[in-house]
Amino acid sequence: MKNTIIKVENVNKWYGDFHVLKDVNLDVTEGERIVICGPSGSGKSTFIRCLNHLEEHQKGDIQINGITLNQNLKNLQKVRENVGMVFQHFNLFDHLTILENLTLAPIWVKKTPKEEAKKYAMELLERVAISQHAHKYPGQLSGGQKQRVAIARSLCMKPKIMLFDEPTSALDPEMVKEVLDVMVDLAKEGMTMLCVTHEMGFAKQVADKVIFMDEGRIVEQAAPDEFFNNPKHERSKEFLSQILH
Amino acid sequence: MEEEIMKSKAPFENTAIWMKKNLFSTPVNTAISLIVICLLISFLGPFIQWLVFDSVGLGTAQDCREASGACLVFIKEKFDFIIFGFYPRTELWRPISSMILFLSFIWWSKEPKRWNKRLLWRWLKLILLIALLMRGGLFGIAPVSLDKWGGLPLTLLLSFFGLLFSYPIGILLALARRGNLPLIKIMSITYIELIRGVPMISLLFMASVMFPLFLPEGITFPKLLRAQIAIIMFMSAYMAEVVRGGLMAIDKGQYEAADALGLNYWQKQIKIILPQALKIVIPPTVNTSIGMFKDTSLVVIIALSDLLMTTKTALKDPKWLGFSVEAYLFVGLIYFVFCYSMSRYSNRLEREFSYGAHS
């Protein structure tokens, strides 16, 4: 039996009067791969951003690797060291080279010696097939390359959990595959992954579980086969029919 | 293609082609060009006549009055006083060597690749050395009291320390204003708005008249130092707003990525946000700096003899009355050289920090 690494209990969040997340519950075990989908405005991005406290929840409990997320900055620091995040718009640091983008956090947050950080960063860049661009700046790379760098940057912190917030939505279609390939490799290595995406091919290929969110609630969670072939809820059926054409 | 053609022609032909293309391409363009050229000639001609051909380079004030051109003798005669003020004539080697040291060190420090801790130490040593040179009183160098300092060294001193301190203070104020700590935020906003809301002249007056009233009896601050503090306070508020503009231009994603990687507040600001924000605001920063460089001339109202004040004083010499055009052109030129250098440097820095985006 594997450990529960993320425990989400009755999480609620409001933006002013707007109730974004309504009683969200979720347990994620180590090594589990979860794809979260749903119409825009359903709260899926907000939900995974709550998991590393980029967004604050107002009610309920989130535990990551046994640490409860609250105002305690030390706890938050520990959580963020263990949780990597990949954003829709990459958010690379434009004033640093690719290599510096990767080594910054290990050197400053984890106090890794510079040479060691560089060596590991180069290994990761090798893995995402971008090592030849190590000394370029993000502005010189294509979207797909940038996103692969962003993934490598998160991995540089040796996280236990990876969060992906629509990692391929801002990419040109021909670049989606190169990023998904990296994510599939990562999944094969047993990384715990939560991924907000509409790439249903990816979901079918690697996900252990698909979560469908609508209007701030988890409406349905099921294995991908079951979710795609036999959705239970009206909203899921409607959503699937829209994205699968 | 076009460039190759240009290269293959003789230099004069290049100019001809360029002129035809840019100045005389259409009838309207030709007309405008001709009008502008005529205007230039009609203004510049008499000016050059006055400055060069009719000017008096040797002689007395009387010679100048009889001639119709510029009185360069006046500038020659008053050069020392305009540049160095009341600094003892026999000791002029001290401000001269100080300024040479200072300007050459500025030149040396302008390369971003030399910006490190050692540079800071060197600057500290240099400042101490210059202070010793100017102030004297040690190692057998005759002391010169602060109220004798004047002219260009004073203007440079006020501007340099003004910028040196107001930039970091401005950054801290801007961060405070953008931050989440309500008390500090309110303090920062109050400071910025109060200081920006009053003219610098009134701050200088306060520094020279009011400030001593609050000090216990017997303690005096040199007027120069009080003016310097007033200038730093004033510049900081403006710098803060410039920096805040840069902070606001940084995408939210940069903050989030830094947060997600576990960087703490200061790491995030120093490593991620400020380098990008300060780069964006290089043009307005230099704009403000240039403004401030010229604004130091306001210290005349509390009777510090900066460059502009020494010029005015030189003009009051009964022997040399009536040559204000020459005098103001001369200081204008000095101010211009410094301001224009700052402006050029700003362009260079912008290119330097373009992160390979255009290479």
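We name chains A, B, ... by the order of the sequence lines, and we start the count at 1 in each one.
Heavy-atom neighbours of B:Asn116 CG from other residues, nucleotides or ligands within 6.0 Å: above the threshold of 12. Heavy-atom neighbours of B:Lys110 NZ from other residues, nucleotides or ligands within 6.0 Å: above the threshold of 12. Counting non-hydrogen atoms of other residues, nucleotides and ligands closer than 6.0 Å to NZ of A:Lys59 gives a total of 12 or fewer. With a 6.0 Å radius and a threshold of 12 heavy atoms from other residues, nucleotides or ligands, B:Leu183 has its CG atom at or below the threshold. Heavy-atom contacts from other residues, nucleotides or ligands closer than 6.0 Å to OH of B:Tyr340 number 12 or fewer. Counting heavy atoms of neighbouring residues, nucleotides and ligands inside a 6.0 Å radius, atom CZ of B:Arg344 does not exceed 12 of them. When the shell of 6.0 Å around CD1 of B:Ile250 is examined, it contains more than 12 heavy atoms from other residues, nucleotides or ligands.
In this structure, A:His95 contributes its side chain and B:Ile273 its backbone to no donor-acceptor pair below 3.5 Å.
Heavy-atom minimum distance, A:Lys111 versus B:Gln267: NZ-NE2, 3.9 Å. Nearest heavy atom pair, residue A:Phe87 against residue B:Ala257, reads CE1-CA, 3.7 Å.
For a residue to count as touching a neighbouring chain, one of its non-hydrogen atoms must lie under 4.5 Å from one of that chain's; by this rule A:Leu92 touches chain B with the backbone only. Residue contact with chain B, scored on non-hydrogen atoms closer than 4.5 Å, involves the side chain of A:Arg49 exclusively. B:Gln254 touches chain A through backbone and side chain together, each having a heavy atom under 4.5 Å away.
Using a 4.5 Å heavy-atom cutoff, the side chains of B:Leu261 and A:Phe93 are in contact.
For chain B, the option among A:Lys136, A:Gln77, A:His53 with the highest count of heavy-atom pairs below 4.5 Å is A:Gln77. When the candidates A:Lys78, A:Arg153, A:Glu81 are compared by the number of heavy-atom contacts under 4.5 Å with chain B, A:Arg153 comes out ahead. Annotation: maximal heavy-atom pairing with chain B below 4.5 Å, among A:Leu73, A:Val83, A:Asn52, A:Leu104, occurs at A:Leu104.
The only member of B:Leu263, B:Asp259, B:Asn264 that meets side-chain contact (heavy atoms from CB on, under 4.5 Å) when paired with A:Arg80 is B:Asp259.
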